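All remarks here apply to the structure that follows.
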Amino acid sequence: MVNELYPYIVEFEEETESPGLETHRKRKRSGDSDSIERDVAQEGEPGTGLDPRSSPTQCSVPAKKGEDASTKKESLGHWSQGLKISMQDPKMQVYKDEQVVVIKDKYPKARHHWLVLPWAPISSLKAVTWEHLELLKHMHTVGEEVIADCAGSSKLRFRLGYHAIPSMSHVHLHVISQDFDSPCLKNKKHWNSFNTEYFLESQAVIQMVQEAGRVTVPDGMPELLKLPLRCHECQQLLPSIPQLKEHLRKHWPK
DNA sequence: GTTCTAGAAC
DNA sequence: GTTCTAGAAC
């Protein structure tokens, strides 16, 4: 029955040959507990986001362009497709079940920052219909479970939501702690994407799908990313990223 | 999404 | 002079 319900999983596996994934899912299915299945490798750099410059530039020999291999790599190896690769990598997977997988964000913008992704190849919220309602609810529930499973999470506040205009392909739910204590948080766009209306609450998205059958994103989203930096806890305006980051320390849990 | 860096801002 | 931001990346 799994094949009928999730034909895309089979397709994807055949394409990418991921034997690890197969055993992994079986294990989870047979276990069938509510607890989060942890299988995290603590090593760094998974190497999913290919820097367009790093590969050709490192080589002193001016490699020819337009080869079959490099052309194919362009489409699959493009940075915007990185999540599709990461989510298939067992070393990246924090949790998985029949419908979704959770990975750590490769460049976390807070102490805890996960992405919940469906196995179904849904490119973005634009492609979401009422048929995905239960899936979106499940993604939210799984996000909350990962939080509950995380040591020290009870001291932190979390938000779950989607970026109005995501850069990475494949729909992904951000689960992020509200400390925003991370060296990867570097610019205004990073801040505003999580701290303005650009961040669409998961619950609001679910409600929208429930009532309208689709997700509509208001106009003016790109402009939100350029708004002045404002503290999400006390609304104070800060003149620069370094000063914002210094200010945020005040609100860290004690 | 990130890196890199010119030149604006301080 | 140094810090910081913002736009290009073929």
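Below, chains carry the letters A, B, ... as their sequence lines are ordered, and counting in each starts from 1. Keep in mind it's a predicted model, so treat the numbers as computed, not measured.
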Q | Which residues share a salt bridge (Lys or Arg N to Asp or Glu O under 4.0 Å) with A/Asp105, sequence neighbours left out | A | none
Q) Which residues pass the salt bridge (Lys or Arg N to Asp or Glu O under 4.0 Å) test with A/Lys189, sequence neighbours left out? A) none
Distance in angstrom units between [X] [atom1] and [N] [atom2], rounded:
| X | N | atom1 | atom2 | value |
| --- | --- | --- | --- | --- |
| A/Lys186 | B/dT2 | NZ | P | 8 Å |
| A/His190 | C/dT5 | NE2 | C1' | 13 Å |
| A/Met168 | B/dG1 | CE | P | 9 Å |
| A/Leu83 | B/dG1 | CG | C1' | 8 Å |
| A/Lys104 | B/dG1 | NZ | C1' | 19 Å |
| A/Asn187 | C/dC4 | CG | P | 14 Å |
| A/Leu229 | C/dC4 | CG | C1' | 12 Å |
| A/His163 | B/dT2 | NE2 | C1' | 15 Å |

Q) Taking everything shown except A/Trp130 itself, do over 12 heavy atoms lie less than 6.0 Å from its CH2? A) no
Q: Evaluate the side-chain proximity of A/Trp119 to A/Met87: yes if any heavy-atom separation is below 4.5 Å, no if none is.
A: yes
Q. If we only count heavy atoms from C-beta on, is the A/Ile103 to A/Trp114 side-chain gap below 4.5 Å?
A. no
**Q.** Dot-bracket notation for DNA chain B, counting Watson-Crick and G-U pairs under 3.5 Å, with | for partners on another strand
**A.** .|||||||||
Q. In residues 238-246 of chain A, what residues come within less than 4.0 Å of DNA chain C, judged by heavy atoms?
A. A/Ser240, A/Ile241, A/Pro242
Q: Test A/Phe180 against every option in A/His112, A/His232, A/His190 by the ring pair (Phe, Tyr, Trp, His ring centres under 6.0 Å) rule and name the one that passes.
A: A/His232
Q | Partners passing side-chain hydrogen bond (donor to acceptor under 3.5 Å, both in side chains) against A/Glu197 (at least two apart in sequence or in another chain) | A |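 side-chain hydrogen bond (donor to acceptor under 3.5 Å, both in side chains) check on A/Glu197 returns nothing, list empty.
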(Q) Applying side chain to side chain contact (heavy atoms under 4.5 Å, CB included), can you list everything that pairs with A/Lys250, at least two apart in sequence or on another chain? (A)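 Here the qualifying residues are A/Gln236, A/His247.
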Q. Given B/dT2, is OP1 or OP2 found less than 4.0 Å from the side-chain N or O atoms of A/Lys106?
A. no
Q) Is A/Arg230 positioned over the aromatic face of A/Trp191, cation under 6.0 angstrom from the ring centre and no more than 45 degrees off axis? A)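 The answer is no; the distance or angle limit is not met.
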